[in-house]
Amino acid sequence: MRIGFIGLGNMGAPMAANLAKAGHEVVGFDTIADAPEGVTRVASGAEAAKGADVVITMLPNGAILRAVAAEVIGQMRPGAVFVDCSTVEVDAAREVAISAEAAGLGWLDAPVSGGIGGAAGGTLTFMVGGGEDAFATVTPLFEIMGQKAVLCGPAGNGQAAKICNNMILGVTMIATCEAFAMADKLGLARQSMFDVVSTSSGYSWTMNAYCPAPGVGPSSPADNDYQPGFAAELMLKDLGLAQAAAEAADADTPMGAAALALYQKFVEDEDGKGRDFSAMLPRFEGRGRNG
Ligand code: NAD
């Protein structure tokens, strides 16, 4: 296939490189970043989109997605598919989908989980919203860039699945970290707490697979001085998108709102920026009930 890839940052560059390595013709554009090996860099998003069978975007946010979509949709040939892999507002995905479909294009919102390691290793999970035909067309590309792609329903549902998942993740990480810090104060060894909780009803991915306590459980960013991993500011972004969606849909999400407030404080007022989102544990560790 001929693929136009727009947004060659931390995630986009390795994803585009994997498509090129698999034998696809990949033409890329980024306002700043260079193209990775195997990808031909062109001078604009419009040029990357012209003549492509599939255009993939991997951009920082919904405002930029809207701007890029306005530029490229008119350049794409009818029947081509626009796939946005960025994490953006559900509403932005649904609005761009309407424009794409009005221009005779297929549309998929396909945000990912798996981070930079998953992008490099081709092991991402894609959560997909859009039509079945477009999904069938793009599935071979998802199989190169990832290990799993789940069609979750119509346009916007990929983004909905992503923010629901990450709202659970943020809330659960905070709960796991505050419990470890409380265990310290109760004189309960972290290893003992892990041994019990990881095989009891408090278990979770954050405890069992990504344990925030250094030296406990499988290797995780906690064992590497909380270098990300998944940075706290990216969790903050996703929790913000979750609350925006909750407000728009009139969903009652008190735990999601509390997690957003805490990560906001951590990133903006404390030392959380640039640290893994599991660095909530040393944050709690140094505090008492009154801060
Ligand atoms: P990034 O900032 O490294 O990459 C974004 C790229 O888009 C940059 O290189 C930037 O120059 C480029 N860009 C900005 N405006 C552009 C435009 N108008 N035209 C072309 N290129 C433009 O970000 P990233 O870490 O690669 O993340 C990309 C998306 O993936 C985000 O929406 C993020 O939330 C999501 N995501 C990231 C991770 C992660 O671990 N990094 C994990 C899951 C999802």
Side-chain angles (χ1 to χ4, degrees), residues 3-18 26-36 39-49 52 55-73 75 82-90 92-93 96 108-128 142 145-149 158-159 161-167 169-170 173 210 220-221 226-242 244-245 263 267 273-278:
I3 300 161
F5 207 112
I6 303 173
L8 301 167
N10 290 322
M11 297 291 289
M15 292 164 72
N18 282 338
V26 186
V27 176
F29 173 66
D30 191 292
T31 41
I32 297 169
D34 284 335
V39 175
T40 308
R41 193 178 201 275
V42 291
S44 68
E47 207 177 316
V55 169
I56 301 177
T57 48
M58 194 50 167
L59 297 163
N61 59 50
I64 294 176
L65 168 67
R66 281 190 170 98
V68 168
E71 183 194 341
V72 307
I73 283 176
Q75 304 295 323
F82 191 133
V83 185
D84 178 47
C85 292
S86 331
T87 304
V88 303
E89 299 82 357
V90 176
V96 177
L108 299 174
D109 44 286
V112 303
S113 91
I116 298 166
T123 57
L124 295 168
T125 295
F126 292 87
M127 297 154 250
V128 189
F142 290 144
M145 296 184 287
Q147 59 186 358
K148 193 170 182 186
Q159 298 294 348
K162 165 91 188 178
I163 55 173
C164 287
N165 181 74
N166 280 20
M167 187 170 80
L169 178 63
M173 179 56 83
Y210 202 92
S220 71
Y226 297 99
Q227 300 292 313
F230 186 50
E233 58 268 29
L234 288 177
M235 174 49 80
L236 174 61
K237 172 190 172 181
D238 292 357
L239 289 168
L241 293 175
Y263 272 104
V267 168
K273 191 157 193 274
R275 305 186 82 193
D276 190 74
F277 82 122
S278 61

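This chain uses plain numbering: 1 for the first residue, then up along the sequence. Whatever order the structure lists them in is the order used to number ligands and atoms, beginning at 1. Because the structure is a prediction, the values reported are computed rather than measured.
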- prompt: Nearest to atom 28 (C) of ligand 1, what protein heavy atom do you find, and at what distance?
  reply: Leu59 O, 3.8 Å

- prompt: With sequence neighbours left out, what residues match Ala52 under side chain to side chain contact (heavy atoms under 4.5 Å, CB included)?
  reply: Val55

- prompt: Given Gly118, Gly115, Pro111, Ala119, which has its nearest heavy atom closest to atom 40 (O) of ligand 1?
  reply: Gly115

statement: If you compare Val88, Thr87, Leu8 by their heavy atoms, the one closest to atom 44 (C) of ligand 1 turns out to be Thr87

- prompt: Distance below 4.0 Å between atom 9 (O) of ligand 1 and any protein heavy atom?
  reply: yes

- prompt: According to the interplanar angle, ranging from 0 to 90°, do the rings of Tyr210 and Phe277 count as parallel (below 30°), tilted (30 to 60°) or perpendicular (above 60°)?
  reply: tilted

Could you list the donor-acceptor pairs under 3.5 angstrom formed between side-chain atoms of residues 62-72 and any protein atom two or more places apart in sequence or on another chain?
{"residue": "Arg66", "atom": "NE", "partner": "Glu95", "partner atom": "OE1", "Å": "3.1"}
{"residue": "Arg66", "atom": "NH2", "partner": "Glu95", "partner atom": "OE1", "Å": "2.7"}
{"residue": "Arg66", "atom": "NH2", "partner": "Glu95", "partner atom": "OE2", "Å": "3.4"}
{"residue": "Glu71", "atom": "OE2", "partner": "Ala46", "partner atom": "N", "Å": "3.2"}

- request: Kindly confirm or rule out an N or O of Asn61 lying under 3.5 angstrom from an N or O of ligand 1.
  value: no

query: With respect to atom 41 (N) of ligand 1, which of Leu234, Asn10, Leu241 exhibits the smallest heavy-atom separation?
result: Leu234

- prompt: Which protein non-hydrogen atom lies closest to atom 4 (O) of ligand 1, naming both residue and atom, and how far is it?
  reply: Gly9 CA, 3.3 Å

task: Before signing off on this row, confirm whether Ala33 and ligand 1 have an N or O atom pair separated by under 3.5 Å.
output: no

message: Would you say atom 23 (O) of ligand 1 makes contact with the protein, given that contact here means a non-hydrogen protein atom less than 4.0 Å away?
response: no

message: If the contact criterion is a heavy-atom separation under 4.0 Å, does Ala67 count as touching ligand 1?
response: no

field: Heavy-atom pair with the smallest gap, counting every atom of Tyr263 and Leu239
entry: CD1-CD1, 3.5 Å

field: Closest non-hydrogen atom pair, Asp84 against Gln159
entry: OD2-NE2, 4.1 Å

query: Given Asn166, Val68, Val72, which has its nearest heavy atom closest to atom 18 (N) of ligand 1?
result: Val68

